[in-house]
Enquirer: 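Supplied in structure tokens, the structure appears directly below.
In what follows, every heavy atom counts, from backbone to side chain, and hydrogens, waters and symmetry copies are set aside. For this chain, numbers begin at 1 and follow the sequence in order. Counting starts at 1 for both ligands and their atoms, in listed order.
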Amino acid sequence: MTLSLTWIGHATLAVNIGGYTVVVDPFFADNPTTEATSETVAADYILVSHGHNDHIADAVALSKHTGAPVITTLEVAGWLEKQGVQTHGLNLGGQLSLPFGKVKLTVAVHGSQMPDGSYGGCAVGFLLTSPKGRKIYLACDTALFGDMRLIGEEGVDLAVLPIGDYFTMGPDDALRAVKLLEPKQVMPYHYGTWDLIEQDPDAWAQRVSAETSAQAHVLKPGDTLQLVE
Ligand code: NI
Ligand code: MN
């Protein structure tokens, strides 16, 4: 069965896992890195990491267009439910088994306010486990934190880490994150969308190769990374 991850652009991903498509943090209309829209992207499930616009902007439209339920935090789920979206509202550390595999909400050190200014609870990351036990860690928006080591203890096959700086970890802290997580493979994202978070991903990948045993993959928006299931 296919296990792959497409970087739609910014923090938006489409993960093919267990025969299903899981779209993470749908942000299309105002996303300068993609032409994708909530009408053109396929989704069986949607994950939303927190309430900031660059992660949730098109979640309602994508869910309504595809019928995909949203897996997120209790607070974000409540906000989406009011707009008629079907959700699973978990909390930090909670794991849910679904037909595509398992999804666990991991700690992220970041804010979360809904686009209308209402309370958004805690920001989270996600640990996905495929039917054959492959683990993909999506850090989502976060600072570096030492307990990434605990996530790494689960055996991470692919870590997807922000390197943009300003809103999240920058390249230096993301490199330290690789050392804590010890993933087999790593992919940077949440950079290059706007001038504020412009970075050199190839230079970062070279540092990863020089200082860790992880294999770094630099994708362009729209590119797909194939993984061994
Ligand atoms: Ni954010
Ligand atoms: Mn963000």
Enquirer: Strictly under 2.8 Å, is the Ni ion (ligand 1) approached by any N, O or S atom of Cys140?
Expert: no
Enquirer: If you check every N/O/S atom of Asp54, which is the one nearest the Mn ion (ligand 2)?
Expert: OD2
Enquirer: Check whether the ring centres of Trp204 and Tyr189 lie less than 6.0 Å apart, and answer yes or no.
Expert: no
Enquirer: What N/O/S atom of His52 gets nearest to the Ni ion (ligand 1)?
Expert: ND1
Enquirer: Can you label the angle between the His110 ring and the His52 ring as parallel, tilted or perpendicular, going by 30° and 60°?
Expert: perpendicular
Enquirer: The Ni ion (ligand 1) is nearest to which N, O or S atom of Asp141?
Expert: OD2
Enquirer: Regarding Lys220 and Asp223, does a basic nitrogen lie under 4.0 Å from an acidic carboxylate oxygen?
Expert: no
Enquirer: Just wondering, is there an N, O or S atom on Asp25 that's nearer than 2.8 Å to the Mn ion (ligand 2)?
Expert: no
Enquirer: Less than 4.0 angstrom from a charged side-chain N to a carboxylate O is my criterion; do Glu154 and Lys135 meet it?
Expert: yes
Enquirer: Taking the six-membered ring for Trp, are His190 and Phe167 parallel (under 30°), tilted (30 to 60°) or perpendicular (over 60°)?
Expert: perpendicular
Enquirer: Under 2.8 Å from the Ni ion (ligand 1), is there an N/O/S atom belonging to Asp54?
Expert: no
Enquirer: Do any N/O/S atoms of Cys140 come under 2.8 Å of the Mn ion (ligand 2)?
Expert: no
Enquirer: Is the centre of the Trp194 ring less than 6.0 Å from the centre of the His10 ring?
Expert: yes
Enquirer: Strictly under 2.8 Å, is the Ni ion (ligand 1) approached by any N, O or S atom of His55?
Expert: no
Enquirer: Rounded to the nearest 0.5 Å, what separates atom CD1 in Ile163 from atom CZ in Arg207?
Expert: 10.0 Å
Enquirer: When Leu90 is tested against each of Leu96, Thr72, Thr73, Leu74 for side-chain contact (heavy atoms from CB on, under 4.5 Å), which residue passes?
Expert: Leu96
Enquirer: Please determine if the Mn ion (ligand 2) has an N/O/S atom from His50 lying under 2.8 Å away.
Expert: no
Enquirer: Rounded to the nearest 10 degrees, what's the angle NE2 of His110 makes with NE2 of His50 at the Ni ion (ligand 1)? Could you check?
Expert: 100°
Enquirer: From the N, O or S atoms in Asp141, identify the one nearest to the Mn ion (ligand 2).
Expert: OD2
